[in-house]
Amino acid sequence: VQLQASGGGLVQPGGSLRLSCAASGNFFSAHDMGWYRQAPGKTRELVASITRGGEPNYADSVKGLFTISRDNAKNTVYLQAGSLKPEDTAVYYCDADLVSFVNGSYYQHHYWGQGTKVTVSS
């Protein structure tokens, strides 16, 4: 099982990016999925998360600026990051709670993606 994040890059202040993260491998379903970020010298922080039913949760710093969404058929979560500022510069990590069905029982495990770097600079 792995999470593959993509979509990072260099963007000018005020610009936007769309990050994607796809879960692949042998699992039954994806439950909560989300995005975290870690800026240089800072701890990792939650950016946004979304339930399997599509209910989002945002950090106050990105409310109204970023939008999280998901495609359950593709086991993929997206982050549309808009009105980007230099302080949004960070490595963005996706995460997911994935459920497996093994020997007649369900097991939930938490996974991290490898991170994708977002740099906001002119």
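For reference, positions follow the sequence shown, starting with 1.
- In this structure, Ser49 and Asp32 have side chains that are not in contact, with every pair of non-hydrogen atoms separated by 4.5 Å or more.
- At a threshold of 4.5 Å between non-hydrogen side-chain atoms, the residues Leu17 and Val118 count as touching.
- Counting heavy atoms from C-beta on, the side chains of Asn57 and Leu46 come closer than 4.5 Å.
- No more than 12 heavy-atom neighbours from other residues, nucleotides or ligands sit within 6.0 angstrom of CD on Glu55.
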| message | Please evaluate residues Phe66 and Leu84 with respect to the criterion side-chain contact (heavy atoms from CB on, under 4.5 Å), reporting the C-alpha separation (whole Å), side-chain torsions for both, the decisive distance (0.1 Å), and the verdict. | response | CA-CA 9 Å; Phe66 291 11; Leu84 286 162; 3.7 Å; yes

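- Judged as a ring pair (Phe, Tyr, Trp, His ring centres under 6.0 Å), the pairs with a partner in residues 34-58 (not counting sequence neighbours) are, in order, Tyr36-Trp112.
- Side chain of Thr76 to backbone of Lys74: a donor-acceptor contact under 3.5 angstrom is found.
- Cluster membership for Val77 and Phe27, using ILVMFWY side-chain heavy atoms within less than 4.5 angstrom, is not shared.
- Figure legend: Arg18 and Tyr78 shown as a cation-pi pair, the cationic atom lying under 6.0 angstrom from the six-membered ring centre and within 45 degrees of its axis.
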| task | Go through the steps for Val1 and Ser24 under the test side-chain contact (heavy atoms from CB on, under 4.5 Å), then give the verdict. | result | CA-CA 6 Å; Val1 176; Ser24 62; over 6 Å; no

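- The minimum heavy-atom distance linking Leu79 with Ala48 is given by the pair CD1-CB, 4.3 Å.
- Once rounded to the nearest 0.5 Å, the distance linking CD of Glu45 with OG of Ser61 reads 5.5 Å.
- Residues His109 and Asp97 have side chains that never bring a donor and an acceptor to within less than 3.5 angstrom of each other.
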| task | Dump the intermediate steps for side-chain contact (heavy atoms from CB on, under 4.5 Å) on Phe28 and Ser100, then the final yes or no. | result | CA-CA 5 Å; Phe28 180 75; Ser100 301; 5.6 Å; no

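- You'll find the side chain of Ser6 stays beyond 4.5 Å of the side chain of Leu19, heavy atoms only.
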| request: Show your reasoning for whether side-chain contact (heavy atoms from CB on, under 4.5 Å) applies to Thr119 and Lys117. | output: CA-CA 7 Å; Thr119 303; Lys117 188 172 183 180; 3.8 Å; yes

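- Remark: Tyr93 OH to Gln114 CD distance equals 9.0 Å, nearest 0.5 Å.
- Not a single donor-acceptor pair under 3.5 Å links the side chain of Thr116 to the backbone N or O of Ala5.
- Listed for the Arg52 side chain is no donor-acceptor partner under 3.5 Å among the backbone atoms of Asn72.
- The minimum heavy-atom distance linking Ala23 with Leu3 is given by the pair CB-CD2, 3.3 Å.
- Distance check: Gln2 CD to Tyr111 OH gives 11.5 Å after rounding to the nearest 0.5 Å.
- Looking at every heavy atom in both residues, Val62 comes nearest to Val47 through CG2-O, 3.5 Å.
- Side-chain contact between Arg37 and Asp88: present, with at least one pair of heavy atoms (C-beta onward) separated by less than 4.5 Å.
- To the nearest 0.5 Å, atoms NE2 (His110) and NE2 (His31) are separated by 13.5 Å.
- When every heavy atom of Arg70 is checked against every heavy atom of Ile50, the shortest pair comes out as NH1-O, 3.3 Å.
- Side-chain atoms of Met33 and Asp95, non-hydrogen and from C-beta on, never get closer than 4.5 Å to each other.
- At a threshold of 4.5 Å between side-chain heavy atoms, the hydrophobic network of Ile, Leu, Val, Met, Phe, Trp and Tyr places Val99 and Phe101 in one connected group.
- Ser16 has its side chain within reach of Gln80: a pair of non-hydrogen atoms, C-beta onward, lies under 4.5 Å apart.
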